[in-house]
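Please find one structure pasted underneath; my questions will follow.
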Amino acid sequence: MYARISRTYLKLQARLRGDHRSPLCAECFQDHGLRRMARAVRGKSVRCRQCGAVSVHGLSREQLHDLCQTFFVRGSIIAADYGASPLIQFNDLRENELDVEGEINADIALLHKTIGIGFFHYGPRLWMLGAVEPLQKLRTRRGRRPVINRILRTYPVRELTPRDEFYRVRKAPAEASDAAQYDAPPDEFCGSGRLDSPSNSMLYGSQDIEICVHECRFSAGDELYVATLAPTRTLRLVDLTEILEETGTEFDSLDLTVLMLFLAGSHAYEITRELAASARAKGFDGIIYPSYFSMLRTGGMPFETMFGIAMRRIRETRSYEKAKVIGNLALFGHPIADGNVQVAGINRLVISKVAYAVTFGPVMSPEPSG
Ligand SMILES: [Zn+2]
């Protein structure tokens, strides 16, 4: 009798505290990574209805959805040569179809039982893995030139004025206080980067110092210097970080083509170098392009979709998408020697602290062979 009253009392108390809005707590989960991530969520203090633990990480339905999005969807993203896609998705309509390794299977079953979501192996839409027509053309010798011309005609021109300062970082320059050390490298050292080629030298810079440091893989103990640079006149750059408003589908998208091109690895350099050389031939002073490390710097997830549509193509989510991309600068020639850019200041640069943000994901079973 007493036990029943006390249970009823506890239930009532939980209701008053709002525990009914926390179907699960962090301690409900078996998988270590998922439990750690759940403990990092600012939840409610509860006596958990599910596992009985007293926890300060009682999670709401919405928080559980967000947790699943980060752990299962983001945590299963794989990059293709161009594009990227998660291997797992979930929604409220599906049964569980997921078979992954380890204790996580118990967690998947629990999430299905308590909040009704079903996990499944995601068959990505093929555009997410680079099946975009202009991109396919860029990858062929014959198709490349017309698409490059279309890119240079379509993207907006941005003016870089003397007020627009940016940075270039160098490791152990021969003479740190010499402005010329921060110009594009001599021609014989050109041809190994994303945009430069032996006949097309390039001054790379960014308005984001941390991106400069990361792009060059500098590390603790390096002797680094940073030059603050500014144009001496208004420079005309083609801005490839813009999100294009397009008709047609993702499969025809020039917008996705350009983003995938710059988020790809060194296998794309052959194309990006030709793009840069064409921009120079057309009289531009340089290019603003999406940093390869954009997603790492902003914490963004590449190529997100909503109801199967790329979020870059939805008006309401365009500014969210725009904020995921960091623009780097590449100026053609030797802009300091040519008098188009001046060194406003030089400082030593000390990497005093590096912070990583990590999330976890499930271990996927190897593809069944045969
Ligand atoms: Zn619990």
Side-chain angles (χ1 to χ4, degrees), residues 79-84 125-160 184-185 187-205 215 235-292 294 302-303 310 312-313 325 327-335 338 340:
D81 275 355
Y82 293 92
R125 299 188 67 205
L126 289 177
W127 65 261
M128 298 174 82
L129 303 178
V132 183
E133 191 238 28
L135 181 61
Q136 298 298 336
K137 284 192 174 155
L138 277 176
R139 297 174 74 179
T140 66
R141 283 281 4 140
R142 280 176 53 127
R144 186 171 300 167
R145 174 69 42 176
V147 178
I148 285 178
N149 288 338
R150 201 177 135 212
I151 290 170
L152 295 175
R153 272 199 319 272
T154 309
Y155 278 81
V157 175
R158 287 271 180 270
E159 292 190 336
L160 203 65
D187 284 346
E188 61 265 33
F189 297 114
C190 292
S192 62
R194 186 170 289 274
L195 295 164
D196 54 282
S197 43
S199 56
N200 193 22
S201 57
M202 203 78 55
L203 167 58
Y204 293 100
E215 298 247 354
L235 302 176
R236 285 176 71 252
L237 284 73
V238 58
D239 183 2
L240 303 179
T241 64
E242 185 61 53
I243 298 183
L244 299 179
E245 292 194 33
E246 300 181 304
T247 53
T249 70
E250 284 87 352
F251 293 96
D252 315 309
S253 171
L254 197 64
D255 178 76
L256 289 167
T257 293
V258 168
L259 184 62
M260 284 178 180
L261 195 59
F262 283 93
L263 296 187
S266 56
H267 53 273
Y269 286 9
E270 184 190 327
I271 304 169
T272 46
R273 286 170 188 163
E274 200 167 323
L275 174 61
S278 298
R280 189 176 187 182
K282 289 194 189 305
F284 288 106
D285 297 307
I287 291 180
I288 304 175
Y289 63 98
S291 165
Y292 176 67
S294 286
F303 315 115
R312 290 173 67 85
R313 301 170 63 81
V325 171
N328 280 350
L329 302 172
L331 300 178
F332 304 144
H334 293 89
D338 299 342
N340 295 326

So, using salt bridge (Lys or Arg N to Asp or Glu O under 4.0 Å) as the criterion, who are the partners of Arg273 when residues are at least two apart?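 Not a single residue meets the salt bridge (Lys or Arg N to Asp or Glu O under 4.0 Å) criterion with Arg273.
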Under the side chain to side chain contact (heavy atoms under 4.5 Å, CB included) rule, collect the residues that match up with Thr249, sequence neighbours excluded.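 Partners of Thr249 under the side chain to side chain contact (heavy atoms under 4.5 Å, CB included) test: Phe251, Asp252.
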Would you mind checking if Arg312 and Glu246 are paired as a salt bridge, meaning a charged N to carboxylate O distance below 4.0 Å?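 Salt bridge flag = no for Arg312 with Glu246.
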Only counting residues at least two apart or in another chain, list the ones meeting side chain to side chain contact (heavy atoms under 4.5 Å, CB included) with Ala310.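 Residues passing side chain to side chain contact (heavy atoms under 4.5 Å, CB included) with Ala310: Trp127, Glu250, Leu256, Arg313.
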Do Leu275 and Leu240 pass the side-chain contact (heavy atoms from CB on, under 4.5 Å) test, and can you show the C-alpha distance, the side-chain angles, and the key distance before you say yes or no? CA-CA 11 Å; Leu275 174 61; Leu240 303 179; 3.8 Å; yes
Mind listing the closest non-hydrogen atom pair of Ser201 and Cys190 along with its distance?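 Minimum heavy-atom contact is CB-SG, 3.4 Å.
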What pairs of residues pass the side-chain hydrogen bond (donor to acceptor under 3.5 Å, both in side chains) test when at least one of them lies in residues 129-140, not counting sequence neighbours?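 For residues 129-140: Glu133-Lys137.
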Might you work through the side-chain contact (heavy atoms from CB on, under 4.5 Å) test for Phe332 and Ile287, ending with a clear yes or no? CA-CA 8 Å; Phe332 304 144; Ile287 291 180; 3.8 Å; yes
Close side-chain approach of Leu331 to Asn340, heavy-atom, < 4.5 Å: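 Counting from C-beta outward, Leu331 and Asn340 never come under 4.5 Å.
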Summary of salt bridge (charged side-chain N to carboxylate O under 4.0 Å, His left out) pairs that have at least one residue in residues 275-292, sequence neighbours excluded: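 The answer is Arg233-Asp285.
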Set of salt bridge (Lys or Arg N to Asp or Glu O under 4.0 Å) partners for Arg194, sequence neighbours left out: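 For Arg194 there are no salt bridge (Lys or Arg N to Asp or Glu O under 4.0 Å) partners, ignoring immediate neighbours.
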Less than 4.5 Å apart, side chain to side chain, heavy atoms only: is that true for Leu261 and Tyr82?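 The answer is yes; the side chains approach within 4.5 Å.
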To the nearest 0.5 Å, what is the distance between CG (Leu235) and CG (Leu160)?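 Nearest 0.5 Å value for the CG-CG distance: 5.5 Å.
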For the pair Ser291 (side chain) and Gly327 (backbone), establish whether a donor and an acceptor sit closer than 3.5 Å, ignoring hydrogens and angles.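 No; zero donor-acceptor contacts below 3.5 Å.
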Closest approach of His334 to Pro185 (non-hydrogen atoms, all atoms of both residues):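 It is NE2-O, 3.0 Å.
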Could you please spell out the steps behind the side-chain contact (heavy atoms from CB on, under 4.5 Å) verdict for Tyr292 and Asn328? CA-CA 9 Å; Tyr292 176 67; Asn328 280 350; over 6 Å; no
Measuring from atom OG1 of Thr241 to atom CD1 of Ile288, what distance do you get when rounded to the nearest 0.5 angstrom?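 Thr241 atom OG1 to Ile288 atom CD1 measures 6.0 Å (nearest 0.5 Å).
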Just do the side-chain contact (heavy atoms from CB on, under 4.5 Å) check on Leu138 and Thr257 with the steps written out, would you? CA-CA 9 Å; Leu138 277 176; Thr257 293; 3.6 Å; yes
Do you know which two heavy atoms are closest between Ala79 and Ala84, and how far apart they sit?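 The answer is CA-CB, 4.0 Å.
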Taking side chain to side chain contact (heavy atoms under 4.5 Å, CB included) as the test, write out the residues that go with Ser197, two or more places apart.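 Side chain to side chain contact (heavy atoms under 4.5 Å, CB included) list for Ser197, sorted by chain: Ser199, Asn200.
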Could I get the full list of ring-ring contact (aromatic ring centres under 6.0 Å, His included) partners for Tyr289, not counting sequence neighbours?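 Result, ring-ring contact (aromatic ring centres under 6.0 Å, His included) vs Tyr289: Phe262.
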Counting only pairs under 3.5 Å, give me each side-chain donor-acceptor contact of residues 152-159, with atom names and distances, residues two or more places apart or in other chains.
{"residue": "Thr154", "atom": "OG1", "partner": "Arg150", "partner atom": "O", "Å": "2.5"}
{"residue": "Arg158", "atom": "NE", "partner": "Asp239", "partner atom": "OD2", "Å": "3.0"}
{"residue": "Arg158", "atom": "NH2", "partner": "Glu242", "partner atom": "OE1", "Å": "2.6"}

Enter the distance from Ser294:OG to Leu259:CG here, rounded to the nearest 0.5 Å.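 The OG atom of Ser294 sits 7.5 Å away from the CG atom of Leu259.
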Which residues share a salt bridge (Lys or Arg N to Asp or Glu O under 4.0 Å) with Asp196, sequence neighbours left out: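 For Asp196, no residue satisfies salt bridge (Lys or Arg N to Asp or Glu O under 4.0 Å) once neighbours in sequence are set aside.
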Under the side-chain hydrogen bond (donor to acceptor under 3.5 Å, both in side chains) rule, what pairs show up with a residue in residues 258-272, not counting sequence neighbours?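 Checked against side-chain hydrogen bond (donor to acceptor under 3.5 Å, both in side chains) - neighbours excluded - the pairs reaching residues 258-272 are Arg144-Glu270.
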Can you name the closest pair of heavy atoms from Leu129 and Ala80 and give their distance?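 Minimum heavy-atom contact is CD2-CB, 4.0 Å.
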Heavy-atom closest contact (Tyr204 atom, Leu195 atom, distance):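 Taking every non-hydrogen atom into account, OH-N, 2.8 Å.
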Holding to salt bridge (Lys or Arg N to Asp or Glu O under 4.0 Å), I want the full list of residues that pass it with Glu188, two or more places apart in sequence or in another chain.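 Counting only residues at least two positions away or on another chain, Glu188 forms no salt bridge (Lys or Arg N to Asp or Glu O under 4.0 Å).
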